[in-house]
Amino acid sequence: SVQYASVFHQHQAIAHYFEHNDDYEIYANLSTFLYNNYKQALHIISDGTNSLPKLMHELGLKDKSVFDTWLAEERAYLTSLSHELNHETIQMEYWQKLLNLSGSKKDLDAATAAWTVTTPSTVEFGPRDIASTNRIETTRRHAMENYEKDLKAVQELETKLGVTRRWEQEDQEWKDVGHLVANRKFQRALDHLEGLVVARIFELSKMNQAGTGYKLRKHIGKALQVRSAAIRTALDRYNTAARALRPPRASLSWEEVVEYAFLSDFDLLRDARQDISQRPWATPTGRLTMDTYFKTRRAREEIQHLDIKIRRLATYLHDESRYLTECEKQLQTLHPGLAHQVSLHRKICARFAGHHYQCLHDISMLEGFTGSITPG
């Protein structure tokens with residue numbers, strides 16, 4: 001720890017850490033990293049080559065270019081969900097203010113009715129009657145203030161929207177905006193549910209990481225129990241909002257939610273202004289086919305990059321050893337101290353040369369290897 005060290009020793013410790021990490025961690029694992037990536041890319045290509053034709057046949061597809069079209073459609077759809085239209089936002093606010101005005105009008109009518117029946121003939125002007133009368137008058141005054149406040153808000157929004165006649169519940173505008181409000185509640189319930197599930201996914205991943213201590217795993221386990229209860233509550237809210245839509249959206253079960261592992265699974269639940277449930281790229285088979293196609297394509301690109309990096313590593317191992325040896329010979333007479341430092345660096349590099357050459361050989365023996373391990 002450098003918490004209590006001086007500034008100089010802090011800098012010295014940090015520099016020493018990165019120097020050690022570069023020499024004994026990054027450089028030592030360089031060829032292993034290339035080998036694992038190449039093997040993984042070949043595995044993805046092999047699986048994709050076998051499964052993609054079957055999936056395309058199941059969907060009745062013959063041309064792979066359709067996947068780029070699907071990706072563009074999905075991107076355009078998700079982009080359209082990034083913000084609400086300003087006009088629709090004001091309309092939804094107006095609809096909500098009308099509901100508030102209706103509620104405050106009912107409260108005012110009830111308070112006025114209670115206040116109207118209070119007459120000298122019904123009151124004996126005792127201490128209790130005076131207190132009751134004051135309470136009724138206060139309630140009526142508060143109801144009037146709330147009604148006037150809501151009425152002013154409605155009038156301001158009517159001016160912004162250019163509404164010439166106040167909406168009623170039988171009007172088509174009321175019904176249309178009511179659908180937008182219900183959809184907004186649905187989206188927000190989905191956002192909350194998504195956030196809880198993604199947090200659960202990260203916590204589960206953390207529990208499986210090497211180096212996570214017992215106490216931390218126990219703490220995460222307790223957090224997961226609390227999170228599970230919160231997810232169930234959020235799921236109930238989501239299903240309630242889904243049933244309130246017209247037409248109703250399909251409800252989600254607990255088993256379906258806990259199996260979600262990708263943000264895209266939640267993105268496809270969103271439906272702001274259009275129905276995508278029948279789009280080919282929104283179906284489970286369509287998404288699996290798209291994922292398989294693009295994973296295979298990215299893997300082929302990765303192979304091309306790895307071929308270049310592997311050739312560069314082979315060239316570096318060949319040239320660097322000779323270059324350092326020659327530099328050490330030239331500095332022996334001119335600068336012995338510097339020659340010694342070059343010798344130390346060369347020995348550190350040579351310590352892992354055998355491992356690198358073995359990994360390069362293993363890469364060259366992989367079925368499907370298209371590069372070269374000869375220096376060049």
Side-chain angles (χ1 to χ4, degrees), residues 29-78 194 197-198 200-210 252-253 255-270 276-314 355-373:
N29 295 316
L30 183 58
S31 58
T32 304
F33 173 79
L34 295 176
Y35 173 78
N36 291 335
N37 278 23
Y38 212 104
K39 187 176 180 180
Q40 182 185 47
L42 290 175
H43 180 70
I44 292 174
I45 293 173
S46 177
D47 287 348
T49 303
N50 294 329
S51 60
L52 185 59
K54 299 177 182 177
L55 293 171
M56 292 180 64
H57 177 73
E58 184 177 345
L59 293 172
L61 301 176
K62 296 182 179 180
D63 188 3
K64 294 181 180 179
S65 62
V66 70
F67 297 123
D68 292 300
T69 304
W70 288 3
L71 183 63
E73 291 179 2
E74 182 183 356
R75 183 182 294 110
Y77 169 72
L78 295 178
E194 176 184 355
V197 174
V198 170
R200 176 185 179 276
I201 292 169
F202 289 155
E203 288 166 347
L204 287 173
S205 300
K206 180 65 176 177
M207 288 189 71
N208 293 328
Q209 286 182 4
L252 292 177
S253 65
E255 291 74 15
E256 290 174 321
V257 170
V258 296
E259 290 299 324
Y260 280 0
F262 300 99
L263 296 180
S264 58
D265 293 329
F266 287 95
D267 291 336
L268 293 182
L269 294 175
R270 309 184 182 282
I276 64 165
S277 59
Q278 301 304 318
R279 298 283 183 89
W281 48 265
T283 62
T285 305
R287 294 207 59 76
L288 177 60
T289 308
M290 279 184 64
D291 291 344
T292 302
Y293 169 74
F294 283 111
K295 282 183 179 179
T296 304
R297 198 163 87 173
R298 296 289 91 81
R300 296 186 189 279
E301 295 175 359
E302 179 70 5
I303 290 292
Q304 295 177 1
H305 295 306
L306 288 173
D307 285 340
I308 297 173
K309 294 177 180 178
I310 290 169
R311 189 76 181 273
R312 287 177 177 173
L313 177 60
H355 171 70
H356 291 326
Y357 280 118
Q358 181 61 46
C359 285
L360 290 177
H361 174 73
D362 293 341
I363 293 174
S364 67
M365 299 303 293
L366 290 173
E367 183 177 356
F369 178 66
T370 57
S372 173
I373 60 172

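Not measured: the values here are computed from a predicted model.
- When all heavy atoms of A314 and I373 are compared, the closest pair comes out as CB-O, 3.2 Å.
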Could you walk me through whether R297 and E302 pass the salt bridge (charged side-chain N to carboxylate O under 4.0 Å, His left out) test, one step at a time? CA-CA 9 Å; R297 198 163 87 173; E302 179 70 5; over 6 Å; no

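- A distance of 10.0 Å separates OG1 of T296 from CZ of F67, quoted to the nearest 0.5 Å.
- Scanning all heavy atoms of the two residues, the minimum distance from T49 to R300 falls at OG1-NH2, 3.7 Å.
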Derivation of the side-chain contact (heavy atoms from CB on, under 4.5 Å) call for Y357 and L313: CA-CA 10 Å; Y357 280 118; L313 177 60; over 6 Å; no

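- At a threshold of 4.5 Å between non-hydrogen side-chain atoms, the residues H361 and Q358 count as touching.
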Should L42 and E367 be marked as a side-chain contact (heavy atoms from CB on, under 4.5 Å) after you check the CA-CA gap, both sets of side-chain angles, and the distance that decides it? CA-CA 8 Å; L42 290 175; E367 183 177 356; over 6 Å; no

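- Between W70 and P280, the shortest heavy-atom contact is CZ2-CB, 3.4 Å.
- In this structure, the separation between CD on Q40 and OH on Y35 is 12.5 Å, given to the nearest 0.5 Å.
- In this structure, CD1 in I310 is found 7.0 Å from CG in L360, a value given to the nearest 0.5 Å.
- Using cut-offs of 30° and 60° for the angle between ring planes, the Y38 and F369 rings count as tilted.
- Heavy-atom neighbours of F33 CZ from other residues, nucleotides or ligands within 6.0 Å: at or below the threshold of 12.
- Heavy atoms of other residues, nucleotides or ligands lying less than 6.0 angstrom from NE2 of H355 number more than 12.
- Note that CD of E74 is 5.0 Å distant from CE of M290, once rounded to the nearest 0.5 Å.
- One distance of note links NZ of K64 with OG1 of T289; it measures 12.0 Å at 0.5 Å rounding.
- Residue T370 holds its OG1 atom at 8.0 Å from CD of Q304, rounded to the nearest 0.5 Å.
- Between I44 and A299 the shortest heavy-atom distance is CG2-CB, 3.9 Å.
- Counting heavy atoms of neighbouring residues, nucleotides and ligands inside a 6.0 Å radius, atom CZ of R312 does not exceed 12 of them.
- Looking at heavy atoms from C-beta onward, C359 lies out of side-chain contact with L34 at the 4.5 angstrom threshold.
- Here the closest non-hydrogen pair linking L306 and N37 is CD1-C, 3.8 Å.
- Taking both residues in full, the closest heavy atoms of T292 and L288 are given as OG1-O, 2.8 Å, listed atom of the first, atom of the second, then distance.
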